There are 2 protein chains.
Amino acid sequence: MDHTVLHDLPLFNGFSSDELKDVIKKASLFRVEKGAYFYHQEDPADRAFVLLKGRVKLSQLTPDGQKIILRIAAPVQVFAIVAVLPAKEYPVSAEAIEDCEALSWSQNELQIISTAYPIFTSNAMDLMARYLQDFQTLFLQLATERVEQRLARILLRLHDLIGLDTEDGIFLDMPLTRQELAEMCGTTLSTVSRLLSSWEKNAIVRSGRAKVFIKDILALKAIADY
Amino acid sequence: MDHTVLHDLPLFNGFSSDELKDVIKKASLFRVEKGAYFYHQEDPADRAFVLLKGRVKLSQLTPDGQKIILRIAAPVQVFAIVAVLPAKEYPVSAEAIEDCEALSWSQNELQIISTAYPIFTSNAMDLMARYLQDFQTLFLQLATERVEQRLARILLRLHDLIGLDTEDGIFLDMPLTRQELAEMCGTTLSTVSRLLSSWEKNAIVRSGRAKVFIKDILALKAIADY
DNA sequence: TTTCTTCTTTGCGCTAGCACAAAGAAGAAA
DNA sequence: TTTCTTCTTTGTGCTAGCGCAAAGAAGAAA
């Protein structure tokens, strides 16, 4: 395994090449098929992951069975960093929405890494603080903005994460149903469908079955910030 | 200053009495008057606090001037733990809504404490993970529940935090306007007022100017979980 | 090919909650 | 006391978005 994959991750900020090699040696490679889960909400949080291939959907279920999607992870990103802490549970479920490969460390191994490389702990904490801040922003948006704006923001975020230039516009490179978009912005399938339809009429997006292309990113930004 | 005030804080889990004394010696005492601020959103995050007296409102402003209240802090609680990390900004503003006293450590002092007592770092991380989880729960509720349920939950949380038994029911011991309740659950003043009025008719709460008493906590719980 | 499943569109009715505003109540200040 | 400020209640009208459902489209499977 090539250690350079970890090189640009904030979590391994300040690690030398040799140190990264050491860290990688401790990792296991996980393969998870499309539709299967890395872990479920409330499982004991005993492994952290770095996604190398595929897409992971991090989602949470309400007591009454509603689902919201909190994050889409793409290569090369860390998820389940909560596993650095002892005796925690995973706060979300992690589903592979494409065939995935990920490096993974057990809590023990993370413990060893923390001890050997003190900066790792502070990197991990920094990462958490960043999540916390991101969440606050999302929370604020959910509390104060209309569905239209929130959907536009989601598409923009996905654009940055997994946007792929094509002649049809920028393709959001993952299977993406109306239902899933609804779960990402706290609304319903039909509302998302209506919005996409109306945007398609204005040539802002083009969308097919579980597919979305962005045609006019400036218009989307205008909607998001309106 | 009596070191036992810190004794039950998760942040100082695993500290001996002597160690707590040492930690307290490094602290400064801050007094902040009602209406004044400990810090503002986006200030450099250079101090963490433990509130000893009063109430603190942690809130965030949207670009267009809407406000949401993310948390109310009461004695003895930690806030602004993000200051353990270098080069961060405060993600919220902290306003004293009563005359307050708080212990405070600068980033330097926090650094020294972390070095001297390694468990401190992991306690801090644990605390952050807890906030993260709390936020996810709030986020989920905001996305999936009606205003009525969310307001009931807020009152229940305030009950646990600052509830005070009186003959008129359980008094939520802080100045608490309809406007503020609205900012806590992402709705409007008028909606909160209507809900409280209707609850008052059913003897679930009693409320006056900037005052709320809970009369029937079971009924509130039923509303929250309906 | 035909059949099935999953996903999408769209219509229709409805309602939770917003926006705005006017009037009243409770304190604080003078 | 009177005056001012802040907070609350309540009415009215409106609309964004939900819930439900039927029909259609796109693939997948057989």
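This one's a predicted model, so the numbers in the text were calculated from it and none came from an experiment. Just so it is clear: chains get the letters A, B, ... in the order the sequence lines come, proteins before strands, and each one is counted from 1.
The aromatic ring centres of B/Phe49 and B/Phe38 sit less than 6.0 Å apart. In this structure, B/Phe171 has its ring center under 6.0 Å from that of B/Phe213.
For B/Leu151 and C/dA16, the CG to P distance is 16 Å, given to the nearest whole Å. In this structure, A/Glu148 atom CD and D/dT15 atom P are separated by 15 Å, rounded to whole Å. A/Leu181 has its CG atom 13 Å from the P atom of C/dC7, to the nearest Å. Straight-line distance from the CD atom of A/Glu145 to the C1' atom of C/dG17: 18 Å, rounded to whole Å. One interatomic measurement links the two molecules: CZ of A/Arg146 to P of C/dG17, which rounds to 18 Å at whole-angstrom precision. Rounded to whole Å, the distance from CG on B/Leu189 to P on C/dC20 is 13 Å. Counting to the nearest Å, the C1' atom of C/dG17 and the CZ atom of B/Arg178 are 18 Å from each other. With rounding to whole Å, B/Gln179 atom CD is found 9 Å from D/dT8 atom P.
Dashed line: the shortest gap from a side-chain N or O of A/Lys211 to OP1 or OP2 of D/dG27 is under 4.0 Å. Within the 4.0 Å cut-off from OP1 or OP2 of C/dG17, not a single side-chain nitrogen or oxygen of B/Thr188 is found.
Residue A/Thr187 is in sugar-phosphate contact alone, with no base atom involved, counting any heavy-atom pair closer than 4.0 Å across all strands shown.
Checking side-chain atoms of B/Ser193 against main-chain N and O of B/Leu189 turns up no donor-acceptor pair under 3.5 Å.
With a 3.5 Å ceiling on both atom-pair distances, the Watson-Crick or G-U wobble partner of C/dG27 is D/dC4. Of the nucleotides present, C/dT15 is the one that pairs with D/dA16 by Watson-Crick or G-U wobble criteria, both distances under 3.5 Å. For D/dA21, the paired nucleotide is C/dT10, the pair qualifying as Watson-Crick or G-U wobble because both relevant distances are below 3.5 Å.
Using a cut-off of 4.0 Å between Lys/Arg side-chain N and Asp/Glu carboxylate O, B/Glu98 and B/Lys34 are scored as not salt-bridged. The existence of a salt bridge linking B/Glu145 and B/Arg153 is confirmed by a sub-4.0 Å separation between a basic side-chain nitrogen and an acidic carboxylate oxygen. In this structure, A/Lys26 does not pair ionically with A/Glu109, as no charged nitrogen and carboxylate oxygen lie closer than 4.0 Å. Under the 4.0 Å criterion applied to side-chain N and carboxylate O atoms, B/Glu180 and B/Lys57 are assigned as salt-bridge partners.
When the nucleotides D/dC7, D/dC20, C/dC18 are ranked by their closest atom to the side chain of B/Thr177, D/dC7 comes out on top.
Mapping B/Leu176 and A/Ser190 onto DNA chain D by nearest heavy atom places B/Leu176 at the nucleotide closer to the 5' end.
Within residues 193-210 of chain A, the residues having any heavy atom under 4.0 Å from DNA chain C are, by residue number, A/Ser193, A/Arg194, A/Ser197, A/Gly208, A/Arg209, A/Ala210.
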